[in-house]
2 protein chains.
Amino acid sequence: MRVGELSKRSGVPVPTIKYYLREGLLPAGVLTSPNQAHYDDEHLRRLRLVRALVDVGDLSIAAVRDVLAALDTRDDTLHKKLGLVQEAISQPGTGELDPLAVEDVLAFFRRQGEECADVTDSNVTHMLATALSAARSVGHDHFRELLDPYLEGLKIIAQADVDYIATRGSTDDIVEGMVVGTLIGDAVIKAVRRLAHAQVSRKVLSDGPED
Amino acid sequence: MRVGELSKRSGVPVPTIKYYLREGLLPAGVLTSPNQAHYDDEHLRRLRLVRALVDVGDLSIAAVRDVLAALDTRDDTLHKKLGLVQEAISQPGTGELDPLAVEDVLAFFRRQGEECADVTDSNVTHMLATALSAARSVGHDHFRELLDPYLEGLKIIAQADVDYIATRGSTDDIVEGMVVGTLIGDAVIKAVRRLAHAQVSRKVLSDGPED
DNA sequence: GACGAATGGATAGCGGTACTCTCCGCTATC
DNA sequence: GATAGCGGAGAGTACCGCTATCCATTCGTC
């Protein structure tokens with residue numbers, strides 16, 4: 001297919017597709033003439049992935065490029081590849097780090113028996129410390145006490161994630177599934193947590209019959 | 001205190017504070033002269049809240065304004081106020097809605113015995129449908145099967161959230177705690193989920209001893 | 001009470017991001 | 001052979017969150 005049909009099938013405007021091509025988010029099509037190129041289903045698939053990362057995953061174009069580069073890495077173990085990808089989909093955040101919050105994180109790791117060595121300087125750790133710093137800055141220094149119950153709930157969720165991913169065939173599918181599952185999972189979790197809050201709020205607060 | 005000290009204590013540059021004042025994110029200080037205003041701890045607290053919402057909660061300035069407006073509402077039941085605030089901190093997202101994904105959401109509600117009536121057109125429902133649409137568009141139409149295990153894990157988390165909030169005194173503290181807890185909780189959950197993934201990935205994939 | 005720094009207030013400008021537009025010569029299709 | 005679409009490249013746009021500049025006034029302190 002040519003770019004017009006790629007656009008129609010994906011819902012992405014042609015100029016945007018051209019932009020993604022320029023930015024290296026989509027591989028160039030196969031040239032059949034100096035100004036005719038052919039795109040296949042793989043391009044369509046990749047394009048939809050890019051949109052999902054941008055729209056739902058809220059990744060910047062640069063971050064998407066990193067993710068795709070990690071996905072396309074050929075010569076690494078699965079574990080390394082997963083690590084690469086995870087770094088790429090975990091934006092660190094910009095705020096100041098309160099040393100007390102960093103200590104909270106380390107204490108949490110110790111409590112959970114994490115080998116901290118290879119984790120403490122990752123984006124994920126930074127994310128966590130940033131969030132706890134923000135909590136402290138607005139006077140919620142007891143927020144850290146939620147880490148353990150959160151982990152308890154997230155173990156269930158992570159297990160479901162792993163089971164879901166395990167149904168996939170090739171290692172490429174696994175890595176891509178991890179990207180999609182992590183980012184779309186984030187969005188789903190955000191929404192469902194809010195639903196759970198609303199449900200509880202409705203149950204707990206029977207304040208005033210009606211108005 | 002005056003603006004300079006407010007800046008020093010919060011770490012926010014003076015021009016930014018002025019900007020927030022203009023945008024209505026901070027109430028004006030009490031004027032003691034035509035060009036001197038006095039700010040108190042309440043301003044400082046509000047400023048830090050704004051920064052947390054912007055930095056960690058990733059809210060736009062407009063969304064922050066909505067949240068603050070909801071927080072400052074005086075004449076509503078707690079339940080209504082919580083609902084208002086929840087809408088304000090739940091950005092809908094922009095993608096197309098796949099009708100099949102919408103059906104997935106409704107089926108989920110039915111399964112969970114939600115009274116859908118007052119929920120189906122909320123931002124949160126839209127968030128969920130957007131995420132599931134994205135999943136479908138990249139070929140993960142079985143992603144919806146994760147909804148139930150996610151809810152199971154999130155019930156634990158939501159319970160912890162409620163317990164945490166319940167320690168607070170005034171209803172104002174409750175509502176503010178809900179904002180902070182929801183947004184910072186989102187960030188924390190994101191991070192901890194990734195840690196859980198990494199942990200599981202390390203456990204499951206003992207592929208190759210070392211390199 | 002003089003003087004430099006800081007203040008409140010208003011308007012304009014800046015830097016980054018994600019597109020979007022325009023133009024070109026060429027090509028598929030009718 | 002007309003017309004629509006194409007690949008490619010550079011410039012332009014819209015929005016967002018600040019940041020810079022200016023002004024008259026006032027604070028701090030000497």
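Chain letters run A, B, ... following the sequence lines, proteins first, then strands; residues in each count from 1.
Side-chain nitrogen and oxygen atoms of T16(A) include at least one within less than 4.0 Å of the OP1 or OP2 phosphate oxygen of dT20(C). At least one side-chain nitrogen or oxygen of Y39(B) sits closer than 4.0 Å to the OP1 or OP2 atom of dG8(C). Contact between the side-chain N/O atoms of S33(A) and the OP1/OP2 oxygens of dG7(D) is not found at any separation under 4.0 Å. In this structure, Y19(A) does not reach the dA11(D) phosphate: none of its side-chain N or O atoms is under 4.0 Å from OP1 or OP2. The phosphate of dC19(C) has OP1 or OP2 within less than 4.0 Å of a side-chain N or O from Y20(A).
Stem regions for DNA chain C, each three or more consecutive Watson-Crick or G-U pairs with both distances under 3.5 Å and listed by first number, read C:1-30 with D:1-30.
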Only distances under 3.5 Å count here; give the side-chain donor-acceptor pairs of residues 6-15 of chain B to other protein atoms, sequence neighbours excluded, each with its distance to 0.1 Å.
unit_1, atom_1, unit_2, atom_2, d
S7(B), OG, V12(B), O, 2.7
R9(B), NE, E5(B), OE2, 3.3
R9(B), NH2, E5(B), OE2, 3.2
S10(B), OG, L6(B), O, 2.7
S10(B), OG, S7(B), O, 3.4
S10(B), OG, V12(B), N, 3.2

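Remark: the R22(A) side chain and the dG10(D) base include a donor-acceptor N/O pair separated by less than 3.5 Å. Side chain R2(A) to base dT27(C): no donor-acceptor pair is found below 3.5 Å.
No salt bridge links D40(B) with R45(B); every basic N to acidic carboxylate O contact stays at or beyond 4.0 Å. The residues K155(B) and D161(B) are annotated as not salt-bridged, no charged nitrogen and carboxylate oxygen being separated by less than 4.0 angstrom. Using a 4.0 Å cut-off between charged side-chain N and carboxylate O, R194(A) and D186(B) make a salt bridge.
P15(A) comes within contact range of at least one nucleobase, with a heavy-atom separation under 4.0 Å. Backbone-only contact: L31(B) has heavy atoms under 4.0 Å from sugar-phosphate atoms and none from a base.
In this structure, the CG atom of L59(B) is 14 Å from the P atom of dC16(D), given to the nearest Å. As rounded to whole Å, 15 Å separates atom C1' of dG28(D) from atom CD of E5(B).
Each of dC6(D), dT20(C), dT19(D) was ranked by its minimum atom distance to the side chain of Q36(A); first place goes to dC6(D). Listed nucleotides dT19(D), dT26(D), dG8(C) differ in distance to P34(B); the shortest reach to its side chain belongs to dT26(D). Closest to the N35(A) side chain, of the nucleotides dT19(D), dG5(D), dA18(C), is dG5(D). Residue A37(B) places its side chain closer to dG8(C) than to any other of dC6(D), dG8(D), dG8(C). Listed candidates were dG7(D), dT20(C), dC18(D). Nearest to the side chain of R51(B) is dC18(D).
Residue-environment remark: CD (E23(A)) exceeds the threshold of 12 foreign heavy atoms within 6.0 Å.
Residue K80(B) is tested with L82(B), T77(B), L78(B) for a side chain to side chain contact (heavy atoms under 4.5 Å, CB included); the sole match is T77(B).
Without hydrogens or angle criteria, H38(A) side chain to M1(A) main chain gives a donor-acceptor distance under 3.5 Å.
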